[in-house]
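One structure is given below, encoded as structure tokens.
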Amino acid sequence: MKSILVVALGGALGTVARYLLSIWLKQSYVFSFPWHTLLINITGCLLMGIAFALFKQHSMPSTMQLFLMVGILGGYTTFSSFGLETWLLLENRAYMQACCYVAGSNLLGIGAVIGGYFMVNSIRG
């Protein structure tokens, strides 16, 4: 139960951080490209890499790792988890799995968005 609360608290903080940064960027700059989402995804990946390296180098409580990596960074952007998982596959020389994971996540994810959109529109008809 403690782990769930730690992740939930971190997730709430990460989600609020993403929301506030996204609003600030949208108000400060006019984009025709979703730069705000790209920036959030890339900074989340950078922070995930930093956190992962620090947790590998230093002994810290698992609740701290859950709070930061799963909670805060997972709430900030799940893309950081995708980046870390891809890196771990590459680090383990599972190149084909990494390629399939990247291609599958992107193609199937975009396809699912399109499919969901058309499902709702066909029901509303």
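Just so we're clear, the structure is a prediction, and the values are computed from it rather than from any experiment.
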Would you check, one step at a time, whether the test side-chain contact (heavy atoms from CB on, under 4.5 Å) holds for L9 with F67?
-> CA-CA 7 Å; L9 176 60; F67 176 72; 4.0 Å; yes
Go through I110 and I114 one step at a time and tell me if the side-chain contact (heavy atoms from CB on, under 4.5 Å) criterion holds.
-> CA-CA 6 Å; I110 293 166; I114 294 167; 3.9 Å; yes
So H36 and W24, side-chain contact (heavy atoms from CB on, under 4.5 Å) or not? Walk me through it.
-> CA-CA 9 Å; H36 59 286; W24 178 76; over 6 Å; no
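You'll find the ring centres of F79 and F82 inside the 6.0 Å limit.
Side-chain N or O atoms of S105 include none that pairs as donor or acceptor with a backbone N or O of V102 at under 3.5 Å. Counting only distance, with no hydrogens or angles, the side chain of T78 and the backbone of G74 share no donor-acceptor pair below 3.5 Å. Proximity of a side-chain donor or acceptor of S122 to a complementary backbone N or O of M119 within less than 3.5 Å is detected. Without hydrogens or angle criteria, S22 side chain to R18 main chain gives no donor-acceptor distance under 3.5 Å.
For the side chain to side chain contact (heavy atoms under 4.5 Å, CB included) with F52, the lone residue among L73, L68, L88, L47 that qualifies is L88.
The side chain to side chain donor-acceptor pair (under 3.5 Å) test applied to Y19 returns no partner, not counting sequence neighbours. Residues passing the side chain to side chain donor-acceptor pair (under 3.5 Å) test with Y117, sequence neighbours excluded: N121.
With rounding to the nearest 0.5 Å, the separation of CH2 in W87 from CG in N92 is 9.5 Å. Note that the CG atom of L5 and the OG1 atom of T63 stand 11.5 Å from one another [nearest 0.5 Å]. In this structure, the separation between CD on E85 and OG on S81 is 6.0 Å, given to the nearest 0.5 Å. Between atom CD of residue Q97 and atom OG1 of residue T86 there is a gap of 11.5 Å, rounded to the nearest 0.5 Å. Annotation: the span from T77 atom OG1 to L39 atom CG amounts to 10.5 Å, rounded to 0.5 Å.
Taking a 6.0 Å sphere around CZ of F33, one finds it holds more than 12 heavy atoms contributed by other residues, nucleotides or ligands.
Residues M69 and L84 meet the side-chain proximity criterion, which asks for heavy atoms closer than 4.5 Å. Residues T15 and Y76 have side chains not in contact (no heavy-atom distance under 4.5 Å, counting atoms from C-beta outward). Using a 4.5 Å heavy-atom cutoff, the side chains of I42 and L38 are in contact.
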